[in-house]
Structures are given as C-alpha cells and as structure tokens.
2 protein chains.
Amino acid sequence: MGNAKEGRDPRVQKWAPVCQAVALLLGPYAEVVLHDPDTDQVLEIWNPMTSRGPGDPSLLGELDELDPSAQDVFGPYEKLLADGRRLSSVSAVLRDAQDRPSAVLCINLDRTPLEQASAVLSAFGAPTVQRPRPLFEQDWSERIQHIIGGYVRETGRPVERMTRQDRLAILGRLDEARVFAVRRAAPVVAGALRVSRSTVYGLLAELRTPSAKD
Amino acid sequence: MGNAKEGRDPRVQKWAPVCQAVALLLGPYAEVVLHDPDTDQVLEIWNPMTSRGPGDPSLLGELDELDPSAQDVFGPYEKLLADGRRLSSVSAVLRDAQDRPSAVLCINLDRTPLEQASAVLSAFGAPTVQRPRPLFEQDWSERIQHIIGGYVRETGRPVERMTRQDRLAILGRLDEARVFAVRRAAPVVAGALRVSRSTVYGLLAELRTPSAKD
DNA sequence: CCCATGCTTGGACTGTACGTCCAGACTGGA
DNA sequence: TCCAGTCTGGACGTACAGTCCAAGCATGGG
C-alpha cells in the first residue's frame, strides 16, 4: 500500500485509489482485480479471494480485440468458486487518453453471506410452506450451455477456433460449477465443446493436478 | 410483572418465564399469548400487537377436544392483521402432570420487517443478467435436505414415524427435482430417509410405473 | 396365540457409465 | 522432412446404478 511507487505500473498508480476504495467499501466479501489486457495478466489485486497475484494469467480472453464502439462494461454475471461460493462479477474496460484499452477492472462480490442472510430472513417468513416448485434448475445441460455461451460472449471466440487454453478455462468453470457430478454430463460437454470424450477427461485431469499446472 | 401473584393463574405463573423469554428474544415483532383452552380466553399476553388482554376471548376453537395422542404443535401458519401486517404463528398445547391440556401457547411473529430486510438483501444478490432464476442449490445434498425438511415441516412428521406414503411422496418430489440425476445421490437419500438403498429403488420403481400407480 | 400378508433389508448380481490408457493421426513450426 | 504437441477412437478396469431374491420383521385378523 505505502510501498515504493517507482516499480509500479502507472496504470496501477492511476486506478489504485478507486480499486482500494471499492475494496474497502465492500469489505472482505469483494475482490477487486486490475488486469492488463495486452499481456492478459493480473496487474494488481485487492482482497484476493483465491491465491492469484500480480503476474498471474488473467484468463480473461482478448478483450482488447473488442470493437471500440462496443460495450465497455460487462455483467453482472455469475461465477462459481470451487468451494461453492457464488460471485457476482462486473468488468469494465478502462481506456487511456487516446481511448485505447489500458486496463480491465473486475469486481467480484461474494454473494454467499448475503444469500445466507436472506435465506435466514425469508425462512422466518415461510408460513404455510408452499411447494418450492418454481426453483429447480430443471435442465443441467442448460447450465452447460450457459457457461460455455458466457465464455464465448466474453472472449468473442466461437466454439470452433478455440485454443487449448480456452477449453481449459471453460472446463475449469464447468468443474467449479460441479457439472461433472451429474450423470452423463461428460459426453454432453464433449459434444458441446466439439471435442472427444477422451480430450475432456485429459484436460480435466491436467486441470485437477496441481503439479502439471503453472 | 412485579404485581401481586395471588390473583394470577397458576398456569401463568408456571409458564410466564418461558413466554417472557420468547417475547424478549424476538423483540418487538413477536407477540406471545397464553390461552385457557377450557374457557377459551386469553390468560396472559406479552408484547400485544392488538388490543387484546387477559380475559378476552381466544378465538382459538376447541383445541381441548383434540386426541391426546395427536399432535401438540401447530404451524407455522399465516395470519392477517387488519392493518395488513402478516404474521407467522405457531401454537403449542401445554399439558399438566396428568397429561391433560392445561394451556395453549401462541407465538405470533410479524413478518413484515423481516420481509423488507430480505428484499433488501436479495436485491443485492439478484442483479445478474441471467434468466428468471437459475439461482439455487449449488449443493445437491442441501437440496435433498431442503426437500425432506420441507415435507417434515409441512406434515409435522419426523423422518422416523413416516409411513410408506410419506416416503413415496418425498421420493416423488426428489425425483421431480432431478435429484437422482447426480451421482451417488441414491445412497444419500436412503440415508437421509433412514431406509435401505433397496427400498429407495423399490419405491422409485413403483412411483415411475404408470400401471402400479392409482 | 398363530398365521397370513405386506414391507423392508442385506446381499448378490447385471448393466451402464465413468475414467484411464495407448497407439495412431493430425497439425504447425524448424 | 522431422519433431513436438495435441486430438482421437477404442480397449479396458472400476465404480456405481439398478434389479432381484430369500429371509427378517411388523401388523392385524382369526
């Protein structure tokens, strides 16, 4: 925080107060990340909720390829962490004086405590318990499509023309969303990703071994 | 509170500490009433939300006619006040040493402030651009507990002492919620229902064959 | 009290899907 | 051309989903 400034990226210097303010405001439940869209790396991170740090890959995709006239603020969209926490995330493309993308700001808010509190309160209210019918995630294959579609929308890259890294990222999200706990999900994912079942398992294994990663 | 005791009903003396404790715990939003099931009158009232007082008619109905072996705790059910406030209410039959109904305890909780707070919190959590509500149950074992718990609360019957029909009903709901599409769910359900895996599959088969049904 | 009936149970068994492994095919780059 | 990295179909072992059954156990009628 109060350390030497000469080593810090000017973009970090420029936006750090904003990021820090947001991080302080939202307390321990929000993570604020500043990404470098060129190198696709994390520039700085406040209140990190995972073990990421500056220099780590962003896994954002090439946002800089986006049309300058296009939207600069994305979300809020949903992310799922491995431990079950649910995040509401927003991203914003920050531009320099020449209107070129200079950094990408992401704010990830952990919804879990809010949802728990909300559940406690509404549980108080439930009188003649009506059937919790409306709320089932009827179709898990929809969830698969949702996650993959979200990634495609984020990166602007269709399922064909995806690199190995893209597939790894998507499988990471699917795995975090516990998609593979349901029967017959792996072949469906393979089909949706236009890839063989073997590849899915291979990438998944690579993703889950801490040794092969990083 | 500190007034003469000679005029007070012994039942009030007996139960007053409990009632007062509940009234204190739930703050200004809960009303605690002690009824006399014989005369159908209010014995005592803490945190009254209407202008009722001791001696007023209870409007409870003849609870004393209940089978001694039947249920002694009712609710929560909904009540509506004239001013629009909604209450969640529970009632309990309090018995004496001879196991005869001696008094009826009612707790009425004003849901309105809780509902408002709940709305605030869920507004925080529900911003995403997603369709209606994909927002539930990351954890399928929680969903199982939720469905079973809901049924127990509805019928007031614990998992032991359940009849075959209860189990059929619960399995129907679980099946509708697609719980059995996830791996290892059946043994978990069997455990939660205090029943063997065989029984689960047996009931499930009975449930899914149109011929054996109705 | 005994027997009949119906439900549950553990265990054995089969089938299906999971996940691993590998040799060969394909790709892009030196 | 070779080489390294990746994907692929298929074979294979394992784990789990479901089925089946003989034996226990409760309930209720005679």
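Computed from a prediction, not measured in an experiment: that's the story for all the values here. Chain letters run A, B, ... following the sequence lines, proteins first and then strands; every chain starts at 1.
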Chemist: Counting only side-chain heavy atoms from C-beta out, which of dT6(D), dG19(C), dG18(D) sits nearest to Arg164(A)?
Modeler: dT6(D)

Chemist: Assign Arg197(B) to base, sugar-phosphate, or nothing according to its heavy-atom contacts below 4.0 angstrom with the strands shown.
Modeler: base

Chemist: Tell me: CD of Glu206(A) to P of dG5(D), nearest whole Å?
Modeler: 12 Å

Chemist: Could you pick out which residue, Ala185(A) or Ser198(A), lies toward the 5' side of DNA chain C when each is mapped onto its nearest nucleotide?
Modeler: Ala185(A)

Chemist: Show the nearest heavy-atom pair for residues Ala192(B) and Val159(B), with the distance to one decimal.
Modeler: O-CG1, 3.5 Å

Chemist: Would you kindly give the CZ-to-P distance between Phe180(A) and dA17(C), to the nearest whole Å?
Modeler: 17 Å

Chemist: Could you tell me whether the side chain of Met162(A) reaches within less than 4.5 Å of the side chain of Ile170(A), counting heavy atoms only?
Modeler: yes

Chemist: Give a yes/no answer on whether the side chain of Arg167(B) brings an N or O atom under 4.0 Å of OP1 or OP2 in dC7(C).
Modeler: no

Chemist: In whole angstroms, how far is the P atom of dG10(C) from the OH atom of Tyr201(B)?
Modeler: 15 Å

Chemist: Distance from Thr163(B) atom OG1 to Asp166(B) atom CG, nearest 0.5 Å?
Modeler: 4.5 Å

Chemist: What integer distance in Å separates Arg194(A):CZ from dC26(C):P?
Modeler: 20 Å

Chemist: Could you check how far CE of Met162(B) sits from C1' of dA26(D), rounded to whole Å?
Modeler: 19 Å

Chemist: How far apart are the closest heavy atoms of Leu171(B) and Val200(B), and which atoms are they?
Modeler: CD1-O, 4.0 Å

Chemist: Closer than 4.0 Å, any side-chain N/O of Thr199(B) to the OP1 or OP2 of dT8(C)?
Modeler: no

Chemist: In this structure, how many angstroms lie between the P atom of dC21(C) and the CG atom of Leu204(A), rounded?
Modeler: 14 Å

Chemist: Answer yes or no: does a side-chain N or O of Arg184(B) lie under 4.0 Å from OP1 or OP2 of dA15(D)?
Modeler: no

Chemist: Rounded to whole angstrom units, what separation is found between the CG atom of Leu168(A) and the C1' atom of dG5(D)?
Modeler: 14 Å

Chemist: Would you compute the distance between atom CD1 of Ile148(B) and atom CG of Leu193(B) and round it to the nearest 0.5 angstrom?
Modeler: 5.0 Å

Chemist: Give a yes/no on whether any side-chain N or O of Arg183(B) is located under 4.0 angstrom from OP1 or OP2 of dC16(D).
Modeler: no

Chemist: Give the rounded distance in Å between these two atoms: CG of Leu203(A) and P of dT20(C).
Modeler: 12 Å

